[in-house]
Amino acid sequence: MYPSIQSKLPEVGTTIFTVMSQLAAASGAVNLGQGFPDFSMSGELTDLVAKAMNDGFNQYTHMNGYPLLRQRLTEKAQRLYKTAIDPESDITITPGGTYAIYTALTAVLQPGDEVIIFEPAYDSYIPNIEVNGAIPVRIPLQFPDYAIPWQEVRARITAKTRVIMINTPHNPTGSVLNKEDMLQLQAITTGTNIIVLSDEVYEHLIFDGIEHQSVLRYPELLKRSFVCFSFGKTYHCTGWKLGYCIAPEPLMREFRKVHQFNCFSCDTPKQVALAAYLLNEEAYLSLGTQIQQKRDFFRTLMQDTPFRCIPSHGSYFECYSYGHFSQEADKEIAIRLTKEYGIATIPVSAFYKDNTDHKVLRFCFAKKEETLAKAVAQLKHL
Ligand code: PMP
Ligand code: GLN
């Protein structure tokens, strides 16, 4: 007999990323599902980690993050977004972006609070809200451009609205917020007690000459915001699970209360290495162009398949619809493509709590050209 537990997340199963990656491995399929690169990360950066270890940076670092790394990140924010951030009080290094999001929500949510999220939504958001006893208020992004319906946002705000979550560039759709969106968000929240949680893990993965609209560009918005980032995405090392959160001091103070008794401090040698590598601006500024080439290569290949492109402007992903040639549920077609055609994708209904199915699949194009070519070659037989 095991002790019985009243589950805090009774409806939660295994994340779609693990489900599809396992199915891909079991089927010997090319994995364009879960978002991770199959090409090498920078050798200069891995050498810097080895150097940090050999130089003796192997013990706990400061609980808020290696001080020089925090310093360099605030300098970067100043250069890119013209924002003054205090490295002492306004930034904390975390074991990944997901953890930063969870910690921010846990720091501010009380049972019964409402959190506005936009669907399709990254799959950790709703469980992170519910585990805190709060209520996700789900607003669908407009299909197929996945824009935020601001009129509806205004209508869904109540006295219980505690947080509005945004994500730009957006996973899974690759849509990006523009200046007008940010001004709408600012207008809606000004004078309220609402907190903004901005997931910007794809900050540098933005294409077509578009400027990333970070909350860090908007001082009024930043006053009420937690802004979350991931080194895993910026430096092609998703397995490092390192990220950071920026927030004004009164918010960050509460964030750190949760953080210090959970993770306390993150991997030291990698933080030392990242502090040095951040001096190389080109490494992150060239990222959008590099990854856009992959998107374009993939998109051209996909023109020879029956799928229809829903253009992505950022992230590692592009969505494609198939409702014009099949009425199969997206989860079913995703499984069939993996098993029978050797290509794994992510069904976008997995990012809706009610499994809304627009007959769209998400493809990760952050792969070697040969991987993309091999994957798409199989789809031509569809
Ligand atoms: N938010 C979004 C939208 C993501 O796609 C991911 C996955 N990289 C994360 C957060 C989490 O990032 P990390 O792997 O650093 O936890
Ligand atoms: N962010 C990645 C994706 O969207 C996966 C992260 C994970 O597997 N939890 O595919």
Side-chain angles (χ1 to χ4, degrees), residues 12-25 30-38 41 65 73 92-105 117-129 141 146 165-177 197-206 212 214-215 226-246 259 262-263 266-267 270-271 274 284 287 291 312-319 334 338 344-352 360-367:
V12 163
T14 303
T15 160
I16 189 72
F17 305 124
T18 300
V19 170
M20 292 310 296
S21 281
Q22 280 177 349
L23 187 63
V30 184
N31 191 354
L32 302 191
Q34 194 177 20
F36 62 89
D38 72 343
M41 65 174 295
L73 288 169
T92 301
I93 309 298
T94 62
T98 317
Y99 173 104
I101 294 163
Y102 172 81
T103 305
L105 290 170
I117 61 162
F118 300 103
E119 287 189 323
Y122 186 56
D123 76 338
S124 69
Y125 296 172
I126 289 180
N128 282 187
I129 294 163
L141 295 171
Y146 297 107
M165 294 179 73
I166 56 168
N167 171 214
T168 183
H170 185 252
N171 181 6
T173 68
S175 65
V176 293
L177 298 183
L197 198 163
S198 185
D199 178 347
E200 303 187 12
V201 301
Y202 298 104
E203 167 190 30
H204 297 298
L205 294 154
I206 186 157
H212 171 54
S214 176
V215 161
F226 291 98
V227 193
C228 301
F229 299 92
S230 170
F231 292 111
K233 296 286 145 135
T234 301
Y235 293 124
H236 306 313
C237 49
T238 59
W240 282 22
K241 289 300 292 189
L242 265 185
Y244 59 103
C245 180
I246 292 177
H259 167 71
N262 189 8
C263 158
C266 306
D267 187 305
K270 288 183 188 131
Q271 291 189 63
L274 285 164
Y284 54 81
L287 201 60
I291 300 296
S312 162
H313 301 291
S315 80
Y316 276 167
F317 312 111
E318 190 149 69
C319 287
T338 311
T345 59
I346 301 287
V348 170
S349 68
F351 300 91
Y352 292 86
V360 174
L361 297 175
R362 187 195 82 172
F363 294 75
C364 173
F365 53 72
K367 304 287 175 189

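Just so you know, ligand 1 is whichever comes first in the structure, and atom 1 is the first atom listed for that ligand. Just so you know, residue 1 is the first one in the sequence shown, and it goes up from there.
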Q: Report the residue from Pro169, Ser312, Ser315 that forms a side-chain contact (heavy atoms from CB on, under 4.5 Å) with Val176.
A: Pro169
Q) According to the interplanar angle, ranging from 0 to 90°, do the rings of Tyr125 and Tyr122 count as parallel (below 30°), tilted (30 to 60°) or perpendicular (above 60°)? A) perpendicular
Q: Could you tell me whether Tyr99 and His259 have their ring centroids closer than 6.0 angstrom?
A: yes
**Q.** Phe317 and Tyr202 aromatic ring geometry - parallel, tilted or perpendicular at 30°/60° bounds
**A.** perpendicular
Q: Would you check if the side chain of Asn167 reaches a backbone N or O of Asp199 as a donor-acceptor pair within less than 3.5 Å?
A: yes
(Q) At less than 4.0 angstrom from any atom of ligand 2, which residues have a non-hydrogen atom? List them by chain and residue number. (A) Phe17, Gln34, Gly35, Tyr122, Asn171, Tyr202, Lys233, Phe317, Arg362
Q. Taking C-beta and beyond as the side chain, do Phe351 and Val360 meet within less than 4.5 Å on heavy atoms?
A. no
Where does ligand 1 get N/O contacts under 3.5 Å from the protein, atom by atom?
residue	atom	partner	partner atom	Å
ligand 1	1 (N)	Asp199	OD1	3.4
ligand 1	1 (N)	Asp199	OD2	2.6
ligand 1	5 (O)	Asn171	ND2	2.7
ligand 1	5 (O)	Tyr202	OH	2.6
ligand 1	8 (N)	Lys233	NZ	2.6
ligand 1	14 (O)	Lys241	NZ	3.2
ligand 1	15 (O)	Gly97	N	2.7
ligand 1	15 (O)	Ser230	OG	2.7
ligand 1	16 (O)	Gly97	N	3.1
ligand 1	16 (O)	Thr98	N	2.9
ligand 1	16 (O)	Thr98	OG1	2.6
ligand 1	16 (O)	Lys241	NZ	2.6

**Q.** Check against side chain to side chain contact (heavy atoms under 4.5 Å, CB included), Met165 and Ile129
**A.** CA-CA 11 Å; Met165 294 179 73; Ile129 294 163; 4.1 Å; yes
Q. Quick one: is the NZ or CZ of Lys367 closer than 6.0 Å to the six-membered ring centre of Phe36, and within 45° of its axis?
A. yes
Q | Worked verdict on Gln271 versus Cys266 for side chain to side chain contact (heavy atoms under 4.5 Å, CB included) | A | CA-CA 8 Å; Gln271 291 189 63; Cys266 306; 3.6 Å; yes
